[in-house]
Amino acid sequence: MADQYSLYDAKAQLSRIVRQVREDGGTVVITVHGEPAVEIRRYKPLPLDFDARIAELESRGMIRPALRKPSEMSWTPGVRRPGGLKRFLDERNEE
């Protein structure tokens with residue numbers, strides 16, 4: 001289980017807490033009025049590779065794969081009627 005400190009104690013011992021987390025790699029929970037509020041853990045750089053980042057986000061459940069590949073999707077524009085700009089300008093000038 002992670003170590004817990006009240007906010008008051010954490011402010012007084014922040015340097016020691018950061019050193020502890022950096023060296024031991026565990027986590028520390030800061031509580032406010034007895035309720036967990038934040039967690040301090042060792043920094044882990046994000047992968048710079050796009051595919052690795054997508055895989056990490058999927059494994060954490062933050063995103064999910066698309067149901068269809070972009071090549072399988074079809075998009076067709078709506079019905080086009082010529083003269084849209086002219087109609088817009090005519091309606092604006094009537095006012």
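If you're wondering where the values come from, they're calculated on a predicted model, not measured in any experiment.
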Could you measure the distance from the [atom1] atom of [X] to the [atom2] atom of [Y]? Nearest 0.5 Å is fine.
X: Leu14; Y: Arg19; atom1: CG; atom2: CZ; answer: 10.5 Å
X: Ile40; Y: Gln20; atom1: CD1; atom2: CD; answer: 9.5 Å
X: Glu39; Y: Thr27; atom1: CD; atom2: OG1; answer: 4.5 Å
X: Ile30; Y: Tyr8; atom1: CD1; atom2: OH; answer: 14.5 Å
X: Ser6; Y: Gln13; atom1: OG; atom2: CD; answer: 8.5 Å

#### Entry: salt_bridge(Arg53, Asp49) N-O dist < 4.0 Å
no
### Task
Evaluate the criterion side-chain contact (heavy atoms from CB on, under 4.5 Å) for residue pair Tyr5 and Arg16; output intermediate values, then yes/no.
CA-CA 12 Å; Tyr5 293 88; Arg16 189 183 65 73; 2.8 Å; yes
### Task
For Arg41 and Val21, work out which heavy atoms get closest and say how close.
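What the structure gives for the nearest pair is C-CG1, 3.6 Å.
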### Task
Determine the minimum heavy-atom distance between Pro36 and Val29, stating which atoms define it.
CB-CG1, 3.8 Å
### Message
Heavy-atom count check: over 12 atoms from other residues, nucleotides or ligands less than 6.0 Å from Leu89 CG?
### Response
yes
### Task
Just jot down the salt bridge (Lys or Arg N to Asp or Glu O under 4.0 Å) partners of Arg42, sequence neighbours excluded, or say none.
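Counting only residues at least two positions away or on another chain, Arg42 forms no salt bridge (Lys or Arg N to Asp or Glu O under 4.0 Å).
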### Task
Mind checking salt bridge (Lys or Arg N to Asp or Glu O under 4.0 Å) for Arg60 and listing every partner two or more places apart, or none if nothing turns up?
Glu56
### Close side-chain approach of Ile63 to Ile54, heavy-atom, < 4.5 Å
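The answer is yes, as the side chains (C-beta and beyond) meet within the 4.5 Å cut-off.
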